[in-house]
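Here is the structure we will look at.
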Amino acid sequence: MTNTKTPLSELEMRGNFVHRHIGSNDRQIQETLNELGLQSLEDIIPTAFPDNIVDQDPLMLVDAISERAAIVYLRKIRARNKTFTSLIGMGYYDTVMPAVIKRNVLENPSWYTAYTPYQAEVSQGRLEALINFQQLIIDLTAMDIANASLLDEATAAAEAMNMSRRLSKSDSNNYFVDKHCHPQTIAVLQTHAKPLDLKIVLGDPLEDFAQQQCFGILVQYPDTFGEIKDFHQLGKLAHEKSALLTIATDLLSLVLLKAPAEFDADIVIGNAQRFGVPMGYGGPHAAFFACKDSHKRSMPGRIIGVSRDSHGNIAYRMSLQTREQHIRREKATSNICTAQVLLAVLSGFYAVYHGEYGLKMIAQRVHRYSQILAQGIEQLGYQVINTSYFDTIIIQTPYKAHRIAARAEEAKINLRIIDNNTLGISLDQSSSRKLIRQLWKIFALPGKKLPDLIEIDKNIDECIPDSLLRTDSILQHPVFHLYHSETEMMRYMRLLAAKDIALDRSMIPLGSCTMKLNSATSLQAISQYEFNSLHPFIPTYQAQGYQQLFEELENMLCDLTGFAAFSLQPNAGSQGEYSGLLVIQKYHQSRGESQRNICLIPESAHGTNPASAALAGYTIVNIPCDKQGNISLEQLKEIVTEHSSSLAAIMITYPSTHGVFEESFCQICQIIHQHGGQVYLDGANFNALVGVTRPGKIGADVAHLNLHKTFSIPHGGGGPGVGPIGVGEHLIEYLPVHPVVSGVNPAANGETSIGTISAAPWGSANILSIPWAYIAMMGAAGLKKSTLTAILNANYIAMKLAPHYPILYKGKNGWIAHECIIDCSTFKKTSGITVNDIAKRLIDYGYHAPTVSFPVHETLMIEPTESENKPELDKFCAALISIRKEIAAIENGVADKQDNLLINAPHTQLSLIADEWPHPYSKQQAFFPDNSQYENKYWPPVGRIDETYGDRHLKCTCL
Ligand SMILES: *Cc1c(COP(=O)(O)O)cnc(C)c1O
């Protein structure tokens, strides 16, 4: 095809990522435009967007760089990170991710491109992986029930505090916190306590607690200084005060230690990071949350449970979905939506691969090394302060601790500096004899003879008291015994992956979720050692590559949004909302207007909005929407006038969750500002605006972005996420800070800042190279093209489907934004078919359903994104149109009302091979409804899952 006459610029274009990311080629885009009556993509702007939001200022962003150039650039950046051995501990430890898991899960799109398992029938693989994770947590903590991850240990502690408040009958508002919890945990608790008028009381649980009145207590076991305290009396003591006992713990230590449940804990939390997930300069990792059975209905986060399918066989699903925020809104148990699913899956597999024996070997080795290290250090003339410990020792130094730490740094080892005379060392799975000898050398004064490791080992006495040693067995379920050879492990992971629909099979049209391409190039950096091996609390001179990455990403985001600054700390959209609302609160307080406590939230808002506002202590006033799904300006004006002096903020999603660009956005912002309020923009749908408008320039004061939607971080089956917030100039000083690492927000200080939102200073730092690479490779023009193509695709789908399904909402010129809501509510009357039946029938066609019944009941919300090409859109529309015909057949009596293609969907292999085929329709219609299934048939592993059975018989462990 190429000949020597092809212009050089075109030859170079082949390195251009934009045409890899955008699904349709230019010819297909042109065809789509023609069908919609437009000449060019640019025509979409005046057609679909309100005139007053379009931004004419060009982006500062440089032109797109090629995939190769992005890799080279990131290589240079990562070369600026120093890969020291970090023995800082404090909740982060080096670990070894088994290569078989790295290759088959972390780097496998079947796992990382999946979404939250809303459609359980096409998610059985990851649901099983998550139930393994829950079983692991239940086994090690010995609690009754565990969820399928939270965002990090510190926010898990905050969730525990809130849950304790909900459940405790105590009328005290004090929450007692072990002063030996990790400092970042205490900081996040303080942030969460304040807006709810709860008081954090720091103290020693064994000395100060007895006199305290409180609704709950949090202790750490082993504590941040490694000490293992006996909490046998604590549960009883807490319960006498009507307080709930929460224990923060370390999973690996629990392999050897008595389970926290034996202290009668109500809740147990922690971080599963050291189960095979690299530190990654702070995250992402899966936090865990376990509790007593009696508290389960108040538990935050998603719980995977067991139910049965239409054949009466076992099937997994997300339990207690009625507690989801979008149903309970401000009464939700938590604002958690995106969690850390992929990380929970990784940690679960780590336990499956090692099993009880393997984990014991790892834990015992870490513990033995720690004891040997401690004895040697004592022989060298130092005092080791803690008496019982698992992996962390605290050393008193007669002279400046900094001097020893500096010597360690010269040997590329980071120690924890506690104060002028105290150092901490935490060992981990990667520690070795060599490391111990190196450490002795660092501590030894000149001329001092080094201890003899073998001799010390011979004379080691256990330092953990018998009463705190674990005696029961763990991980007895078969799944933890079956897959210890690499061959078996590889096949198990493949078996599970094959059960699911992820983006590597077909388009996932989930509205509001933005299932665009997660390019292989953008993902490369995350598994590189120079990015993923860093401890979050190292001195920043060792993380210059990361610091550069943050600065460049923040600048890119400021450029795209028109905001003055960004905080990368929030670990999901929900956390961005919460942080942004606290920023607004702090702003009002600093101006002497702390009476401003009303937050307006439109009916159409995502459920996390009211849940976050409630957590931030706001009084929520709902704003009704009109028939077109828009905020009713008249009613807004009335409400705002009524609450003028107490108006704090409005939370507005733009484009709205109804998938339209409201014409009155700028006007709404003006009204709110006139009354002294601030505008919070839920920017989860920013992918419909990038390159066309800048929220910070058209009236928003704060916004969060979902980097896991708009900027291409994979969803991982329900996490990780990154939900940074951007703010205007006047709000910079309130952005989050960190108690351990300074320099997170140079403009803020302890006084002005809202405090700490996440355990790690820059949140999920390890995955920030993904949005960086995405933005760099798309460039200004590519990002805009991407936005316009996404809108084009959504409108194309709307046009194709309109003759068959009513399109619920439309904006200017009958155009919608990036997603399309089709109304399925009438079928119930005409044929008995529900929107759920349509969702399940799509599985027979090989598709994951769109978003079901959100934000409007009995509708499907379809978001195609720019990454799907025209043939795939056509194929998907053809499936929905064909299903509409199947409904019509019921409507006009051709098909049976009780026994039809829809209510029996999805159709499984089991029904295919059954001796009898009892249905009035053919197998061909059931299994191969159109030609496309012949070469690529997805077989659902289970039939329709009984949702209510699963909730009534809640069971959340392996079978
Ligand atoms: C996805 C989404 C959120 C929540 O983001 P998470 O990262 O899941 O917490 C909030 N608002 C809207 C409109 C969303 O689509």
Side-chain angles (χ1 to χ4, degrees), residues 114-118 148-152 155 159 283-284 300-302 318 324-326 329 332 334-343 508-516 568-581 601-613 615 629 650-662 680-689 695 700 702-725 757-758 763-764 767 771 790 817-819 821 850-851 854-856 861-863 865:
Y115 198 69
T116 303
Y118 286 133
S149 85
L150 288 179
L151 293 166
D152 62 23
T155 50
E159 297 283 358
R302 271 124 183 201
M318 291 204 292
E324 279 263 341
Q325 315 90 3
H326 63 251
R329 295 174 67 91
S334 155
N335 65 340
I336 284 287
C337 180
T338 289
Q340 300 281 21
V341 168
L342 187 65
L343 298 307
I508 299 183
L510 280 167
S512 206
C513 305
T514 315
M515 302 299 288
K516 60 169 70 179
L568 300 171
Q569 204 177 86
N571 279 329
S574 62
Q575 307 301 297
E577 292 170 14
Y578 179 69
S579 318
L581 289 172
I601 302 183
E603 270 174 354
S604 59
H606 193 274
T608 49
N609 288 193
S612 299
L615 280 176
I650 189 169
M651 285 187 97
I652 173 165
T653 307
Y654 203 70
S656 76
T657 45
H658 289 158
V660 290
F661 294 111
E662 274 173 63
Y680 182 94
L681 184 127
D682 179 332
N685 295 340
F686 186 49
N687 51 310
L689 302 174
V702 192
H704 79 264
L705 304 179
N706 277 10
L707 301 190
H708 47 304
K709 291 176 179 170
T710 304
F711 294 101
S712 182
I713 292 177
H715 288 277
V722 180
I725 53 170
I757 290 297
S758 304
S764 293
I767 51 177
H818 62 302
E819 58 196 4
I821 302 183
T851 300
F854 171 81
V856 185
M861 181 159 65
I862 305 164
E863 179 179 8
T865 84

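Read the numbers this way: they start at 1 and go in the same order the structure lists the ligands and their atoms. For the single chain, residues carry numbers from 1 onward in sequence order.
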**Request:** Kindly write out the residues that satisfy ring pair (Phe, Tyr, Trp, His ring centres under 6.0 Å) with Tyr578, not counting sequence neighbours, or none if the list is empty.
**Result:** His192

**Asked** Does the side chain of Thr514 pick up a donor-acceptor pair with the side chain of Glu863 at under 3.5 Å?
**Response** yes

**Message:** Has Ser149 got a side-chain atom pairing as donor or acceptor with Gln340's backbone, closer than 3.5 angstrom?
**Reply:** yes

**Item:** Single hit among Leu615, Asp682, Val702 for side chain to side chain contact (heavy atoms under 4.5 Å, CB included) with Glu577
**Value:** Asp682

**Item:** Neighbouring protein residues of ligand 1 - any heavy atom closer than 4.0 Å
**Value:** Cys337, Thr338, Ser512, Ala572, Gly573, Ser574, Glu577, His606, Thr608, Thr653, Thr657, Asp682, Ala684, Asn706, His708, Lys709

**Heavy-atom pair of closest approach, residues Ile725 and His704** = CG2-CB, 3.8 Å

**Message:** Between Thr608 and His606, do the side chains contain a donor N or O and an acceptor N or O under 3.5 Å apart?
**Reply:** yes

